[in-house]
Every structure is written in C-alpha cells, then in structure tokens.
Amino acid sequence: MSGYRGRFAPSPTGPLHAGSLLAALASWAAARAAGGRWLLRIEDLDPPREQPGATSAILGLLDAIGLAPDEPVWVQSTRSESYEAALAGLRESGLAFECRCSRGDLAASGGIHRGACVASDPTRAPAIRLRVPEIEIGFDDRIQGRYAQALAASVGDFVLKRADGLYAYQLAVVVDDAAQGISDVVRGSDLLDSTPRQIFLQRCLGLPTPRYAHLPVLLDADGQKLSKQNLAPAVAAADVAARLPRIAAWLGQPALEPAPLATMLRQFARQWDIARVPRRMGIAM
Ligand code: GLU
C-alpha cells in the first residue's frame, strides 16, 4: 500500500452532473493507479445552498457505479469542534481576528480586507478573518504547472468563519485534508485560485501541504462551467458506462474498449497517467 491518499469532496448542493462525475472519476483513478486510498467527504457547511436529498443522491450514484471509498465517509457538518480548535489556535497566536466590516464597508477596496478594519457598525456580529501579510504563495500544480498569487493583493485577510456562524470552505477543507491525511488533491480548476489561500492557512496551522492537481472543468455550450447553479443535468448511473469513454478522452487518457462499466473502470485506472491530462482550465463538452 503506497502512502497516496486522495479524496473526492462534493458539496451537496445537488446531484452529480457530468463535471463533478469527471472529478470523482479522475480522483478515484489517480488513487487506484498509485496503489493508494480514495476517500469521500461531504462538504455540507452551507445549509442555505444545500439541496435536500443531494447527499444520498451523490452517495447512491457513486455506490451504484462501483466507486467505493476505502474508509468511512466524512461529513463536515459533524466536524465543528475541529474547526473551532483550529480557529482558537489561530486567534491565540494572533493570526486570526474578529472583524465587523460589512460588504459595504469594504466596497471601496474592491471587497478586499487589508490590515485595519473599517467597520461602520461596531455592534455587528463579527466574522473571523486570517491576517494575510505581503507574501507570494506559489506551488507546482501537477496539471496546470506553476501557479502563484500575491495573497494580500488578490484576496486580502480572508474569512475563516462568517458573521452568520458558518465555517468558510477554506478553513474546513484545510483542516479536513490534514485530518484525513490527504497526500494528493485532484479537483476542478475552479479551485486553482483557492489553493494559495489553503497553502498559506496550512502553514499558519503547522499542517503539511498535499500535492495538487487541478483538472480542466467541463464547459457548456455558452462556455460556462457546468454547475448546479446553471442547472447541469444530473448523471444517471445507467449512463456512466456510455459517458466514461468520452471522459477518458477529455482527460487525454488512452481509449477505452467498449465493455461493461466495471471492466472499463479497471482499465481507466490501470492506464491512468496524470501527465496526459490537458493543461487547460476548461474543456468544451
Ligand atoms: N466541495 C467543493 C465543491 O464541491 C470541492 C472542494 C475540494 O475539492 O477542495 O466544489
């Protein structure tokens, strides 16, 4: 067993569509090809955006097509204590702070918080932000190549916990990738520009940085990323066998011979080569 630990981390804002199926399959094949483990984590930290039944629809589809996680599924809504512990540590060391600035207060600086608070209403419920110095964070993405961001100018002091009490994705993903011992993150290119924030947060928390690989995302006829917001259709388990050869082709992988799904999946994983994935942010369907 290698030390490779990958994961798929969908948000239950709707059932899987072709784009999220691609991310699930690629992260799974990469883990299998490396002789590693593949974990599943439900990122349900934003109840207003959740769709009832989406978690069971996602788990049901993955199960029906034979993508079985190697360990019990993690659910972020049960992980608040770990997020609070991370926040407490950051606040004790002065790296995170309470902030009462509203969106309107930050409009003049393009929504970016840098340094001092400019809150107009001191009685507002506070968010918690991470203090971001003038620092450039870069990394070598296994698909997209070198990517670097001047963190203060691009994102500023970013939110870890919102004023309404919800934990930010950036905090939860970093805490959980480390807690699950993830060595390799394979996910959509829409999260490439979140990665420098995540790496900086890992350093603040004393956590290791996994390797990252950002896949091209699928684009619809208008050039938009397929998403639940633009009502990308749900994938049915019965269609996955027909879709897999196209997904393999989009990802630059060797052609799959027509066969039952389980056979094609084995071939897809056996042949998986991340070096063949096109270095592109998006692919038109
Ligand atoms: N939950 C995020 C999403 O569905 C993905 C998080 C990640 O892979 O880091 O877009």
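Sequential numbering from 1 along the given sequence is applied to the chain's residues. One-based numbering, in listed order, for ligands and for the atoms of each.
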Proximal ligand 1 atoms for Arg187, defined as those under 4.0 Å from one of its heavy atoms: 7 (C), 8 (O), 9 (O)
Whether Tyr212 and Phe139 hold their rings parallel, tilted or perpendicular, with breakpoints at 30° and 60°: perpendicular
Side-chain donor or acceptor of Ser154 paired with backbone N/O of Leu151 under 3.5 Å: no
More than 12 heavy atoms of other groups within 6.0 Å of Arg146 CZ: yes
Per-residue contact class, Val185 against ligand 1 - non-hydrogen pairs under 4.0 Å: neither
Shortest non-hydrogen contact from Trp272 toward Ile274: NE1-N, 3.7 Å
Protein contact to atom 5 (C) of ligand 1 [nearest heavy atom, distance to 0.1 Å]: Ala9 O, 3.3 Å
Co-membership, hydrophobic cluster, residues Leu95 and Val155, 4.5 Å side-chain: yes
Salt bridge (charged side-chain N to carboxylate O under 4.0 Å, His left out), paired with Arg7, selected from Asp184, Asp176, Asp177, Asp70: Asp177
Heteroatom proximity flag, Asp190 to ligand 1, N/O under 3.5 Å: no
Minimum-distance protein heavy atom relative to atom 7 (C) of ligand 1: Arg7 NH1, 3.3 Å
Flag for Arg41-Gln180: side-chain donor and acceptor within less than 3.5 Å: yes
Atom 6 (C) of ligand 1 - nearest protein heavy atom and its distance: Glu43 OE1, 3.1 Å
Sub-4.0 Å atoms of ligand 1 with respect to non-hydrogen atoms of Val173: 9 (O)
Residue-ligand contact Tyr169/ligand 1, heavy atom below 4.0 Å: yes
Taking atom 3 (C) of ligand 1 as the reference point, the nearest protein heavy atom with its distance: Ser11 OG, 3.5 Å
